[in-house]
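First the structure, in the form of structure tokens, and then the observations on it.
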Amino acid sequence: MMNHLWRVTAVKVTGKVTPGMWVEVLKSGTNAPPTIKEIDMEVERKYGVKLLPGCSLSNFKIEKMG
């Protein structure tokens with residue numbers, strides 16, 4: 001199985017998440033971009049805050065790194 005690394009950068013203010021905050025999401029077995037739930041888990045792990053309910057993927061720039 002291949003692993004795919006995604007860099008997710010906030011582009012809009014969403015509660016305590018501000019533009020420029022970023023996380024990396026590692027996915028294995030699929031090349032699909034990260035879901036909002038996966039992004040939320042990584043934001044909470046890195047910054048200690050959760051995304052607001054109803055937050056959408058349009059609040060983030062999602063780039064495939066590898």
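For reference, positions follow the sequence shown, starting with 1.
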Closest heavy-atom contact between [X] and [Y]?
X	Y	result
S28	N3	CB-OD1, 2.8 Å
K16	M21	O-SD, 3.8 Å
G15	L52	N-CD1, 3.4 Å
W6	M65	C-CG, 4.2 Å

Taking C-beta and beyond as the side chain, do [X] and [Y] meet within less than 4.5 Å on heavy atoms?
X	Y	result
I62	I39	yes
K46	W22	yes
V13	P19	yes
H4	T30	no
N31	K64	yes

To the nearest 0.5 Å, what is the distance between [atom1] on [X] and [atom2] on [Y]?
X	Y	atom1	atom2	answer
K37	E42	NZ	CD	13.0 Å
L57	I36	CG	CD1	4.5 Å
C55	K12	SG	NZ	9.5 Å
R7	K61	CZ	NZ	9.0 Å

| message | I'd like to know if the side chain of E38 and the backbone of T35 have a donor-acceptor N/O pair within less than 3.5 Å. | response | yes

| task | Going by the side-chain contact (heavy atoms from CB on, under 4.5 Å) test, name the single residue among V8, V17, T14 that passes it with V43. | result | V17

| field | Same cluster (ILVMFWY, side-chain, under 4.5 Å), L51 and Y47 | value | yes

| request: Could you state whether F60 and V11 fall into the same hydrophobic cluster, counting links through intermediate Ile, Leu, Val, Met, Phe, Trp or Tyr residues with side-chain heavy atoms under 4.5 angstrom apart? | output: no

